[in-house]
Colleague: 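Let me begin by handing over the structure; questions about it come next.
The sequence lines fix the lettering, A, B, ..., with proteins before strands; numbering per chain opens at 1.
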Protein chains: 2
Amino acid sequence: MAKRRGQDAAETDRRMRAAALRLFARHGYAAVSMRRIAAEVGVQAGALYTHTPDKQTLLFSLMADHLHELLDAVGALPADATPEARLDRFVDFHIRFHLARPDAVFIAYMELRNLAPDNFRAIEGLRRDYEAWPEAILRDGAAAGAFAVPDPKIAAVGLIAMLNGVTTWYREGGRLSLDDVVAIHQRMARGAVGAGGA
Amino acid sequence: MAKRRGQDAAETDRRMRAAALRLFARHGYAAVSMRRIAAEVGVQAGALYTHTPDKQTLLFSLMADHLHELLDAVGALPADATPEARLDRFVDFHIRFHLARPDAVFIAYMELRNLAPDNFRAIEGLRRDYEAWPEAILRDGAAAGAFAVPDPKIAAVGLIAMLNGVTTWYREGGRLSLDDVVAIHQRMARGAVGAGGA
DNA sequence: GTCTATATACCGATAGAC
DNA sequence: GTCTATCGGTATATAGAC
């Protein structure tokens, strides 16, 4: 019952999305043609339109899938007793999750300007949903007197920005191990929010 | 002696660069055509080639000018007595400089992948030159015992990433004044590097 | 589901007139 | 310095055959 090569819809769809993710991240949405994605998949350009209505929807779908995966994952984090432990776990999670998906991260933060207005609003909403998680950690920690954070919203965005910086330079096998990088950023994060026991 | 409208080379050049900066930032290098830039300037597309050899050189020149301006400005900062004061001044400088040039910042960090290899190396070199400034502040502060920074290079990159985050959300007339934003980030920066007197 | 072929439009860059 | 006109090439998306 094996399907003929290149005729399995699910498989072609998977390959199209993988190729688009890689190429959009590497060269930018506007610079990548449907022909080039098709060549990577091993089909002609017209065949892609069986799997996506158009290029714009393909971009949106890649970004939305990434953010839904991120939201599912952050929502599944185990509970922690102390604000410091919650913060440490978030830093650990955020760095590892994003380093494991460099292409999706790049696209989700860099191709916002290439989204149609409706799609843009949808993605921005998902991003704000994610930012609410660290914001809650900081707000709760401040309320409990564990953190000194004058503005939890800004601190949360600043924290995420700092952690995202890692994706621009970290390479496996470099000077620092992933554990080192996480530990360094947990320390900086605790300091930035004025955690006493840092 | 007034030049005829649209015939002054320096003026057309200035307008071309301003239009390209704005359009590249808004829509991305690959998505902006020379025809569109020309329309913004008020000339035909062919006329732009009097002012730049090609589109790629135009992008490179915008990025290089921005980074040279940044390097000149950071190099001209007044000296400060204490590590904390140096850090505070850098944070203040970085935020204000970048918020005043949102388009150039966006391009300098987002269009690296659209640079030809030689141009990429040149821009990356300038960016590293800039990162050396906060790195020196953190290294000196750590050596003096004022900061607790296990890795000044990573801390410097993380600091810059956190500060750059401001450009993605700050809008004049919003909830916080620029002074507020600077003060909040100075406080977070001091905390992140373990400054005792934070 | 994928192919070939194509409609329609835009691209970067250049040539030569003024 | 800018114009008009154009070369050669590519783009997204669709139609109809298989």
Colleague: Over all heavy atoms of both residues, which pair between Leu48(A) and Met34(A) is shortest? Give the atoms and the distance, please.
Modeller: CD1-O, 3.4 Å
Colleague: Tell me if a side-chain donor or acceptor on Lys55(B) pairs with a main-chain N or O of Tyr29(B) at a distance below 3.5 Å.
Modeller: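 Flag set: sc Lys55(B) to bb Tyr29(B) pair under 3.5 Å.
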Colleague: In whole angstrom, what separates Gln44(A)'s CD from dA15(D)'s P?
Modeller: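 To the nearest whole Å, that distance equals 18 Å.
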Colleague: Do the rings of His185(A) and Trp169(A) sit parallel, tilted or perpendicular, given the 30° and 60° boundaries?
Modeller: parallel
Colleague: Which residues in residues 17-26 of chain B have at least one heavy atom lying under 4.0 Å from any atom of DNA chain C?
Modeller: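 None, since no heavy atom is under 4.0 Å.
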Colleague: Does the salt bridge (Lys or Arg N to Asp or Glu O under 4.0 Å) test come out yes or no for Lys153(B) and Glu131(B), once each step is laid out?
Modeller: CA-CA 8 Å; Lys153(B) 194 173 281 295; Glu131(B) 288 169 0; over 6 Å; no
Colleague: Answer with yes or no whether the side chains of Thr52(B) and Arg17(B) bring together a donor and an acceptor at under 3.5 Å.
Modeller: no
Colleague: side-chain contact (heavy atoms from CB on, under 4.5 Å) between Arg22(B) and Glu40(B): does it pass, once the steps are laid out?
Modeller: CA-CA 10 Å; Arg22(B) 200 180 68 85; Glu40(B) 194 105 341; 2.2 Å; yes
Colleague: If you fit an axis to the five pairs at each end of the helix from dG1(C)-dC18(D) to dC18(C)-dG1(D), how big is the angle between those two axes, to 10 degrees?
Modeller: 0°
Colleague: Taking only residues at least two apart or on different chains, which pairs with a member in residues 119-167 of chain A satisfy ring pair (Phe, Tyr, Trp, His ring centres under 6.0 Å)?
Modeller: Phe90(A)-Tyr130(A), His94(A)-Tyr130(A)
Colleague: Rounded to the nearest angstrom, tell me the gap between atom NE2 in His51(A) and atom C1' in dA13(D).
Modeller: 15 Å
Colleague: Answer yes or no: is there a donor N or O on one side and an acceptor on the other, between the side chain of His66(A) and the main chain of Leu62(A), under 3.5 Å?
Modeller: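 Pair absent, no side-chain N/O of His66(A) close to backbone of Leu62(A).
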Colleague: Using whole Å, report how far CG of Asp8(A) lies from P of dG1(C).
Modeller: 9 Å
Colleague: Using heavy atoms and a sub-4.0 Å distance, could you list which residues of residues 30-41 of chain B are near DNA chain C? By number, please.
Modeller: Val32(B), Ser33(B), Met34(B), Arg35(B)
Colleague: Could you tell me whether a side-chain N or O of Asp80(B) sits under 3.5 Å from a main-chain N or O of Thr82(B), the two making a donor and an acceptor?
Modeller: no
Colleague: Nearest whole Å is fine: how far is dT2(D) P from Asp13(B) CG?
Modeller: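 Those two atoms, CG and P, are 10 Å apart.
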Colleague: Glu135(A) side chain to Ala156(A) main-chain N or O, any donor-acceptor pair under 3.5 Å?
Modeller: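 Pair absent, no side-chain N/O of Glu135(A) close to backbone of Ala156(A).
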Colleague: Using a 6.0 Å distance limit plus a 45 degree cone around the ring axis, check whether Arg26(B) lies over the aromatic ring of Phe24(B).
Modeller: no
Colleague: OP1, OP2 of dT2(C) versus side-chain N and O of Thr12(A): anything below 4.0 Å?
Modeller: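 For Thr12(A), the contact criterion (side-chain N or O under 4.0 Å from OP1 or OP2 of dT2(C)) is met.
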Colleague: Please report the distance, rounded to the nearest Å, between NZ in Lys55(B) and C1' in dC10(C).
Modeller: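 After rounding, the reported distance stands at 12 Å.
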Colleague: For the pair made of NE2 in His27(A) and C1' in dT10(D), what is the distance, rounded to whole Å?
Modeller: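 One finds 16 Å between C1' of dT10(D) and NE2 of His27(A), rounded.
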Colleague: Can you check the Leu48(A) CG to dC3(C) P distance for me, whole Å?
Modeller: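 After rounding, the reported distance stands at 9 Å.
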Colleague: For Asp8(B), is there any backbone N or O sitting under 3.5 Å from a side-chain donor or acceptor partner on Thr12(B)?
Modeller: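 The answer is yes, because a donor-acceptor pair under 3.5 Å joins these two groups.
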Colleague: Using atom CZ of Arg15(B) as one end and atom P of dT2(D) as the other, report the distance to the nearest whole Å.
Modeller: 10 Å
Colleague: Would a distance-only check, ignoring hydrogens and angles, find a side-chain to backbone donor-acceptor pair under 3.5 Å from Arg15(B) to Val41(B)?
Modeller: yes
Colleague: Taking only nitrogen or oxygen atoms into account, show me every contact under 3.5 Å that the protein makes with nucleotides 14-18 of chain C, one pair per line with its distance.
Modeller:
none

Colleague: Only counting residues at least two apart or in another chain, list the ones meeting salt bridge (Lys or Arg N to Asp or Glu O under 4.0 Å) with Arg36(A).
Modeller: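 Arg36(A) satisfies salt bridge (Lys or Arg N to Asp or Glu O under 4.0 Å) with no residue once adjacent residues are dropped.
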